[in-house]
Amino acid sequence: MAQPRPYLACNHCGSTETRPVARIDGHWLERCARCDLAFVTDPPSEAALAAMYQASNDYHTQLLDPASDAFVKMTAIARHHLRFVERFASFGQLLDVGCSTGLFLDQARRRGFDVAGVEFSAASARFAREHFHLSVTDGDIHAIDDADGLLDIVTMFDVIEHVRDPARDMLAAHRLLKSGGLFILSTPNIDGLFPRMSEPLARPLGYWPHVEPPWHLYQFSVRTLSAMLEARGFECLGTHHTAIDLAYTFGTVSELSRSPKRLAYALAFAPFAWAGPKIGMGDWFYLAARKH
């Protein structure tokens, strides 16, 4: 049953009525009763969130080592990002919001894009500047205040689910882009096959590896993300469904071997995560939109 939440209105439609989904890792995930946007209704404070994203809390530290497996894996993911971007553009001024250590920007620059980034983690931003010699601003999209209407492309890969006010970030992207400019995002898909099949168990189990609160404050679907973008001056052009790494979602073989319950969960739901992208229901998706 929907319940009024006057102290936390939906970021898209403003409704204060929500339906509880589950309490995961000490935080409530709920869905808006009007538009179905899913979000954490008891997020950490701004100060606590800021602390979570600094290197002192091990955020991105593996990506600071070019010899690490994480660096190699994320470089491969950066190339996937670039392939999706190149479905819609082959050149232009590109800003990557939440650029991390600069792996995607380095790949895009090699392909001829004129690149810059902005990154909340000071250590990651510094690495991008020093290792890749990239132009990277410390902060979030709102730290970019000198490029209104000048950019051809704004990218936000696995960022929009982390921010406190995604609607405000969408409006900022719209402000920065030229008319006809591209806004390209990726984010987990709460309506993917695995999340959809496993959601009914989330509340009784108190476990749902898809959602990751409090790191992820919002959970989007293609429908809810498209609706938010279209309401803020964008036309959605296309999507691509893929899957989150199975070991990331369910655990490594070593981890599963130590936990019979976790192994049983993986055996039950990993096939859905694998099959989802093949039927357009991946648990992670890319979306491209154009500024009107």
Side-chain angles (χ1 to χ4, degrees), residues 60 62-63 66 68-119 124 127-128 131-136 141 151-162 169-170 173 176-178 180-194 220-222 225-226 229 234-249 273-291:
H60 281 171
Q62 288 182 297
L63 300 182
S68 70
D69 290 342
F71 188 99
V72 173
K73 181 181 291 186
M74 292 306 295
T75 299
I77 291 174
R79 291 176 180 142
H80 285 295
H81 294 342
L82 184 58
R83 281 196 286 273
F84 185 74
V85 171
E86 289 185 321
R87 286 175 49 179
F88 304 92
S90 56
F91 62 90
Q93 290 188 293
L94 182 153
L95 174 73
D96 188 27
V97 179
C99 68
S100 182
T101 53
L103 294 169
F104 165 73
L105 286 175
D106 179 58
Q107 296 294 319
R109 181 174 56 187
R110 292 168 187 260
R111 297 287 289 182
F113 291 90
D114 182 6
V115 304
V118 59
E119 169 55 40
S124 296
F127 181 90
H131 183 80
F132 290 119
H133 307 291
L134 292 162
S135 174
V136 175
I141 192 171
L151 301 178
D152 298 291
I153 307 161
V154 172
T155 56
M156 292 182 74
F157 298 116
D158 303 328
V159 170
I160 197 71
E161 66 273 15
H162 292 265
D169 283 30
M170 293 174 190
L176 294 171
L177 285 165
K178 299 175 180 176
L182 296 169
F183 189 22
I184 296 178
L185 310 93
S186 69
T187 190
N189 178 19
I190 197 171
D191 278 355
L193 185 61
F194 156 57
F220 298 94
S221 64
V222 172
L225 185 58
S226 297
L229 289 166
F234 291 96
E235 172 193 5
C236 294
L237 302 177
T239 59
H240 173 68
H241 286 255
T242 185
I244 299 170
D245 183 76
L246 293 179
Y248 181 89
T249 299
W274 173 83
K278 296 169 175 49
I279 60 171
M281 295 178 65
D283 53 14
W284 185 34
F285 69 97
Y286 293 94
L287 187 151
R290 177 184 290 123
K291 175 178 174 176

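One-based numbering along the sequence shown. Here the structure is a predicted model, which means the values were calculated and not measured.
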A.B. asks: Roughly how far, to the nearest 0.5 Å, is CG of Leu105 from OG1 of Thr155?
C.D. replies: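 Reported value, rounded in 0.5 Å steps: 6.5 Å.
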
A.B. asks: Please examine the side chains of Leu287 and Phe220, heavy atoms only from C-beta on, and report whether any two atoms are closer than 4.5 Å.
C.D. replies: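 No, every pair of side-chain atoms sits at 4.5 Å or beyond.
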
A.B. asks: Can you name the closest pair of heavy atoms from Gly92 and Asp152 and give their distance?
C.D. replies: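 The answer is CA-OD2, 3.4 Å.
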
A.B. asks: For the residue pair Met170 and Phe234, what are the closest heavy atoms and their distance?
C.D. replies: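 Closest heavy-atom pair between Met170 and Phe234: O-CE1, 3.6 Å.
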
A.B. asks: Test Leu176 against Ile141 for side chain to side chain contact (heavy atoms under 4.5 Å, CB included), laying out the working first.
C.D. replies: CA-CA 9 Å; Leu176 294 171; Ile141 192 171; 3.9 Å; yes

A.B. asks: Just jot down the ring pair (Phe, Tyr, Trp, His ring centres under 6.0 Å) partners of Phe127, sequence neighbours excluded, or say none.
C.D. replies: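 For Phe127, the residues satisfying ring pair (Phe, Tyr, Trp, His ring centres under 6.0 Å) (neighbours in sequence not counted) are His131.
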
A.B. asks: Quick one: list whatever passes side chain to side chain donor-acceptor pair (under 3.5 Å) with Glu86, sequence neighbours left out.
C.D. replies: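 For Glu86, the residues satisfying side chain to side chain donor-acceptor pair (under 3.5 Å) (neighbours in sequence not counted) are Arg111.
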
A.B. asks: Using the test side chain to side chain donor-acceptor pair (under 3.5 Å), find all partners of Arg290 that sit at least two apart in sequence or belong to another chain.
C.D. replies: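 Result, side chain to side chain donor-acceptor pair (under 3.5 Å) vs Arg290: none returned.
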
A.B. asks: Between CG of Leu151 and NZ of Lys291, what distance do you get to the nearest 0.5 Å?
C.D. replies: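 Leu151 CG to Lys291 NZ: 9.5 Å, rounded to 0.5 Å.
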
A.B. asks: With the side chain counted from C-beta on, respond yes when Leu82 and Arg110 share a heavy-atom pair under 4.5 Å apart, and no when they do not.
C.D. replies: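 Contact flag for Leu82/Arg110 side chains = no.
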
A.B. asks: Which value, rounded to the nearest 0.5 Å, describes the distance between Phe285 atom CZ and Thr242 atom OG1?
C.D. replies: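 One finds 12.0 Å between CZ of Phe285 and OG1 of Thr242.
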
A.B. asks: Any non-hydrogen side-chain atom of Phe104 less than 4.5 Å from a side-chain atom of Cys99?
C.D. replies: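 SC-SC contact between Phe104 and Cys99 ruled out.
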
A.B. asks: So which of Leu185, Leu177, Leu182, Ile184 actually passes side chain to side chain contact (heavy atoms under 4.5 Å, CB included) with Val154?
C.D. replies: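 One option only clears the test, and that one is Leu177.
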
A.B. asks: Applying side chain to side chain donor-acceptor pair (under 3.5 Å), name anything that partners Arg87, two or more places apart in sequence or on another chain.
C.D. replies: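 Arg87 satisfies side chain to side chain donor-acceptor pair (under 3.5 Å) with no residue once adjacent residues are dropped.
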
A.B. asks: Heavy-atom count around Phe88 CZ within 6.0 Å, excluding the residue itself: above 12?
C.D. replies: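 Yes.
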
A.B. asks: Please name the pair of heavy atoms, one in His241 and one in Gly280, separated by the smallest distance, quoted to 0.1 Å.
C.D. replies: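 Looking at all heavy atoms of both residues, the closest pair is CE1-O, 3.1 Å.
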
A.B. asks: Minimum heavy-atom separation for Ser186 and His81, please, with both atom names.
C.D. replies: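 Here Ser186 and His81 meet closest at OG-CE1, 4.3 Å.
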
A.B. asks: Which residues pass the ring pair (Phe, Tyr, Trp, His ring centres under 6.0 Å) test with Phe113, sequence neighbours left out?
C.D. replies: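 Phe113 satisfies ring pair (Phe, Tyr, Trp, His ring centres under 6.0 Å) with no residue once adjacent residues are dropped.
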
A.B. asks: Between Asn189 and Gly282, is there a donor-acceptor pair closer than 3.5 Å when you use the side chain of the first and the backbone of the second?
C.D. replies: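 Yes; judged by distance alone, with no hydrogens or angles, the pair exists.
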
A.B. asks: Quick one: closest heavy-atom pair of Ala78 and Gln107, and the distance?
C.D. replies: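 Of all heavy-atom pairs spanning Ala78 and Gln107, the closest is CB-CG, 4.2 Å.
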
A.B. asks: Hey, what do you get for CD1 (Ile153) to NZ (Lys178), rounding to the nearest 0.5 Å?
C.D. replies: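 Going from the CD1 atom of Ile153 to the NZ atom of Lys178 covers 9.5 Å.
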
A.B. asks: Can you measure from CD (Glu235) to CG (Leu229) and round to the nearest 0.5 angstrom?
C.D. replies: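 Nearest 0.5 Å value for the CD-CG distance: 11.5 Å.
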
A.B. asks: Checking the side chain of Asp283 only, and the main-chain atoms of Ala273 only, is there a donor and an acceptor separated by less than 3.5 Å?
C.D. replies: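 Checking the backbone N and O of Ala273 against the side chain of Asp283, no donor-acceptor pair under 3.5 Å is found.
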
A.B. asks: Is the side chain of Glu119 donor-acceptor paired with the backbone N or O of Ser100 at a distance under 3.5 Å, no angle test?
C.D. replies: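 Side chain of Glu119 to backbone of Ser100: a pair is present.
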
A.B. asks: Distance from Ile77 atom CD1 to Arg79 atom CZ, nearest 0.5 Å?
C.D. replies: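 These two atoms lie 11.5 Å from each other.
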
A.B. asks: Between the main-chain N or O of Ile190 and the side-chain N or O of Ser221, is there a donor-acceptor pair closer than 3.5 Å?
C.D. replies: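 Side chain of Ser221 to backbone of Ile190: no pair is present.
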
A.B. asks: Does the plane of the ring in Phe84 sit parallel, tilted or perpendicular to the ring in Tyr286? Use 30° and 60° as the thresholds.
C.D. replies: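 Ring orientation of Phe84 relative to Tyr286: parallel.
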
A.B. asks: State, with a plain yes or no, whether a side-chain heavy atom of Phe71 is found less than 4.5 Å away from one of Leu103.
C.D. replies: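 Answer yes - side chains close enough.
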
A.B. asks: Indicate yes or no: at least one non-hydrogen side-chain atom of Phe183 is less than 4.5 angstrom from one of Val97.
C.D. replies: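 No, their side chains stay 4.5 Å or more apart.
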
A.B. asks: Val115 and Ala108: which non-hydrogen atoms are nearest, and at how many Å?
C.D. replies: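 Minimum heavy-atom separation between Val115 and Ala108: CG1-CB, 3.9 Å.
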
A.B. asks: How would you list, by chain and number, every residue that makes a side chain to side chain donor-acceptor pair (under 3.5 Å) with Lys73, sequence neighbours excluded?
C.D. replies: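 If we apply the side chain to side chain donor-acceptor pair (under 3.5 Å) test to Lys73, skipping adjacent residues, there are no hits.
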
A.B. asks: Answer yes or no: is there a side-chain heavy-atom contact under 4.5 Å between Thr249 and Phe194?
C.D. replies: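 Heavy-atom side-chain distance check passes, below 4.5 Å.
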
